[in-house]
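First comes the structure, then the notes that go with it.
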Amino acid sequence: MNVLVTGGLGYIGSHTCIQMLEAGIKPVIFDNLYNSNESVLGRIEMVTGASPIFVKGDVRDKEKLIKVLKEQSISAVVHFAGLKAVGESVEKPLEYYDNNVNGTLVLVDAMREVGVKSLVFSSSATVYGDPASVPITEEFPTSATNPYGRSKLMVEECLTDFQKANSEWSITLLRYFNPVGAHPSGQLGEDPSGIPNNLMPFVSQVAVGRREYLSVFGDDYPTKDGTGVRDYIHVMDLSDGHVCALNKVGQTSGLHIYNLGTGNGYSVLEMVSAFEKASGKKVPYKIAPRRPGDIAECWADPSKAQRELNWKAERTLQQMTTDTWYWQSNNPNGYPDH
Ligand code: NAD
Ligand code: WQD
């Protein structure tokens, strides 16, 4: 099976390409290099021994997409490409709606023209807004609190309407919880440009000496230790989830929605302490005010994915932190030309 992977050089996309290759699926990477660089290709090759086809392109370029879909005999698309920084989305909403919403509409239009009718979309637990309770099931009401989240929600709604009108399509919405970790080889991992927005890249940059201390955003939440609680999931488990989705429902018409999480919640301080243990490094931190828009706690009920996709997150917190540290300590400044 040849699968077009938009955003395939990014953090989650690159790990998913590896797991696809291991599972005998051929990824064709389509990425505009906005938040990635080509050296990732060499790393994928190093780890798998295979060199995936790479096409530099933007998902808003319909003609280019049509050409690749045809030339590479693509039978399904996994759509990671997009912008993902919550804070930036508040400053630049148009860019987010254009890239994330318009980009997806152009992609689906191109697929329709070529007759490729299977799509897996990267959605996010952010579509649950501030959930009334935990764990969160796929039936929970959805809402958005910022343009990034709204763009994901809009895409989910557009795809739902589209699938209703085109019942022969298979559309899968995967709602990721908090992806962390890296490939166990230490060759691939998360490489944010600038100051990391997310907890684990920040923690690992403190541990490696690139930043002085971590600001813990709030210690007065109604949680086990007062700090925010999230469902951190190893990026390799998340990647396996995509392979399972492609294999189990990728050829079955319908709208398929799954939470990809572990079902466990860890606090910020628990993550810091697990990271210190894995790295043998001290991670100095200071308690700071709450970050606007943050919720107290959030974790998944992942049982639907287990039941229907036969997928379950297997990797432990220790593996998440050990693999993050292995990547960060081997690549203190991320990928070479970033
Ligand atoms: P990433 O930024 O590492 O990867 C995204 C990739 O898409 C990059 O390689 C970038 O160059 C590419 N890209 C961006 N706009 C493009 C465009 N218009 N055309 C072609 N390529 C484009 O991000 P990631 O963490 O790997 O996230 C992948 C997807 O998963 C995103 O859609 C993101 O919103 C979603 N997601 C991420 C998280 C997370 O915490 N990382 C959580 C939930 C959902
Ligand atoms: C986790 C916890 C912070 C940084 C975001 C997006 C979500 C999804 C994943 C894409 C929270 C605390 C963080 C720091 C801290 N992305 N924290 N100091 O906010 O759960 O989710 O990324 O879809 O849409 O909103 O993840 O990693 O930013 O934060 O104390 O420097 O760590 O307050 O409790 P979040 P995060």
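Counting begins at 1 with the first residue of the sequence. Note that ligands are numbered from 1 as they come in the structure, with each ligand's atoms numbered from 1 the same way.
- Ring-centre distance between Tyr232 and Trp299: not below the 6.0 Å cut-off.
- Scanning all protein heavy atoms for the shortest distance to atom 17 (N) of ligand 2 gives Phe217 CD1, 3.6 Å.
- Contacts of Tyr232 with ligand 2, taken as heavy-atom pairs under 4.0 Å, involve the side chain alone.
- The two atoms that bring Leu309 and Cys244 nearest to each other are O-CB, 3.8 Å, heavy atoms only.
- Residue contact check: Ser124 has heavy atoms under 4.0 Å from atoms 10 (C), 23 (O), 24 (O) of ligand 2.
- Of all non-hydrogen atoms in Pro27 and Val5, the two that sit nearest each other are CB-CG2, 3.8 Å.
- Every N/O-N/O distance between Val216 and ligand 2 stays at or above 3.5 Å.
- Using a distance-only test at 3.5 Å, with no hydrogens or angles considered, a donor-acceptor pair links the side chain of Ser170 to the main chain of Val249.
- Atom 29 (O) of ligand 2 has its closest protein heavy atom at Arg291 NH2, 3.4 Å.
- Close contacts of ligand 2 with Ser215, meaning ligand atoms under 4.0 Å from a residue heavy atom, involve 14 (C), 15 (C), 18 (N), 30 (O), 31 (O).
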Full working for salt bridge (charged side-chain N to carboxylate O under 4.0 Å, His left out) between Lys64 and Asp58
CA-CA 8 Å; Lys64 196 166 221 177; Asp58 193 294; over 6 Å; no
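- Looking at Ala288 against ligand 2, nothing comes within 4.0 Å, counting heavy atoms.
- Taking all atoms of both residues into account, the shortest heavy-atom contact from Thr16 to His242 is CG2-CB, 3.7 Å.
- Ring geometry for Trp327 versus Tyr335: interplanar angle of 30 to 60°, hence tilted.
- Among all heavy-atom pairs drawn from Gly149 and Thr126, the shortest one is CA-CG2, 3.8 Å.
- Ser204 and Gln328 form a side-chain donor-acceptor contact under 3.5 Å, judged by distance and modelled atom types alone.
- Of all protein heavy atoms, the one closest to atom 21 (O) of ligand 2 is Asn178 ND2, 3.8 Å.
- Nearest protein heavy-atom neighbour of atom 33 (O) of ligand 2: Asp294 OD2, 2.6 Å.
- Less than 4.0 angstrom separates some heavy atom of Leu214 from each of these atoms of ligand 2: 14 (C), 18 (N), 31 (O).
- Closest to atom 25 (O) of ligand 2, if we only count protein heavy atoms, is Val86 CG2, 3.4 Å.
- Residue contact check: Thr126 has heavy atoms under 4.0 Å from atoms 24 (O) of ligand 2.
- In the vicinity of Gly228, heavy-atom distances shorter than 4.0 Å reach the ligand 2 atoms 34 (O).
- In summary, the aromatic rings of Phe80 and His15 are positioned with their centroids too far apart to meet the 6.0 Å limit.
- Salt-bridge check for Glu138 with Arg307: failed, with every basic side-chain N at 4.0 Å or more from each acidic carboxylate O.
- Residues Ser118 and Met111 share a closest heavy-atom pair of O-CE, 3.4 Å.
- Counting protein heavy atoms only, atom 10 (C) of ligand 2 is closest to Tyr148 OH, 3.0 Å.
- To the nearest 0.5 Å, atom CG of residue Leu119 and atom CG of residue Leu246 are 10.0 Å apart.
- Across Pro196 and Arg211, no two heavy atoms sit closer than the pair CD-NE, 3.6 Å.
- Of the N and O atoms on the side chains of Asp301 and Thr137, not one donor lies less than 3.5 Å from an acceptor on the other residue.
- Closer than 4.0 angstrom to ligand 1 sit non-hydrogen atoms from Gly7, Leu9, Gly10, Tyr11, Ile12, Asp31, Asn32, Leu33, Tyr34, Asn35, Ser36, Gly57, Asp58, Val59, Arg60, Phe80, Ala81, Gly82, Lys84, Asn99, Ser122, Ser123, Ser124, Tyr148, Lys152, Tyr176, Pro179.
- Among protein heavy atoms, the minimum distance from atom 20 (O) of ligand 2 is reached at Arg230 NE, 2.5 Å.
- When each atom of ligand 2 is checked for a heavy atom of Asn197 under 4.0 Å away, the hits are 4 (C), 28 (O).
- Using a 4.0 Å cutoff on heavy atoms, Lys84 does not count as a contact of ligand 2.
- When hydrogens are left out, the protein atom nearest atom 27 (O) of ligand 2 is Leu199 N, 2.8 Å; that is the closest non-hydrogen contact.
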